[in-house]
Amino acid sequence: MVLTIDQALCSGCGVCIELCPEVFGQGADGRAIVKKQESETCNIEEISDQCPMEAIDV
Ligand code: SF4
């Protein structure tokens with residue numbers, strides 16, 4: 001599994017960062033970035049489903 005965020009799609013809404021700050025961070029341009037590929041506490045697939053722009057690929 002490789003977790004990626006499509007920067008062309010991400011609106012910078014912050015939902016993923018709020019749900020799992022361990023894995024998702026905010027880049028200099030306000031869009032989300034991947035900080036870690038894995039987490040024991042967050043369900044990354046569920047967060048991916050909640051991205052309004054469908055920008056998170058798992
Ligand atoms: S939830 Fe989606 S659109 Fe919102 S910041 Fe995260 S990747 Fe970007």
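We number each residue from 1, following the sequence as shown. Worth knowing before you read on, the calculation uses all heavy atoms, side chains too, and leaves out hydrogens, waters and symmetry mates. Each ligand, and each atom within it, is numbered from 1 in the order the structure gives.
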| Nearest neighbour in protein (non-hydrogen) for atom 2 (Fe) of ligand 1 | Cys51 SG, 2.3 Å
| field | Cys42/Cys20 sulfur gamma separation below 2.5 Å | value | yes
| If we only count heavy atoms from C-beta on, is the Thr41 to Glu22 side-chain gap below 4.5 Å? | yes
| task | May I ask you to decide if Leu3's main-chain N or O and Gln37's side chain share a donor-acceptor pair within less than 3.5 Å? | result | yes
| query | Quick check: does Cys13 put an N/O/S atom under 2.8 Å from atom 2 (Fe) of ligand 1? | reply | no
| field | Contact check, Met53 vs ligand 1, heavy-atom distance below 4.0 Å | value | yes
| task | May I ask you to decide if Ala32's main-chain N or O and Gln7's side chain share a donor-acceptor pair within less than 3.5 Å? | result | yes
| query | Can an N, O or S atom be found in Cys10 less than 2.8 Å away from atom 8 (Fe) of ligand 1? | reply | yes
| For atom 5 (S) of ligand 1, closest protein heavy-atom neighbour | Gly14 N, 3.3 Å
| query | What closest approach, in Å, do Leu9 and Ala55 show between heavy atoms, and which atom pair accounts for it? | reply | CB-CB, 3.7 Å
| task | For residues Ile56 and Ser48, report the shortest heavy-atom separation together with the two atoms involved. | result | O-OG, 2.9 Å
| task | Could you check atom 7 (S) of ligand 1 against the protein and tell me its nearest heavy-atom contact, residue, atom and distance included? | result | Ile56 CG1, 3.6 Å
| For atom 6 (Fe) of ligand 1, what's the nearest protein heavy atom and its distance? | Cys16 SG, 2.3 Å
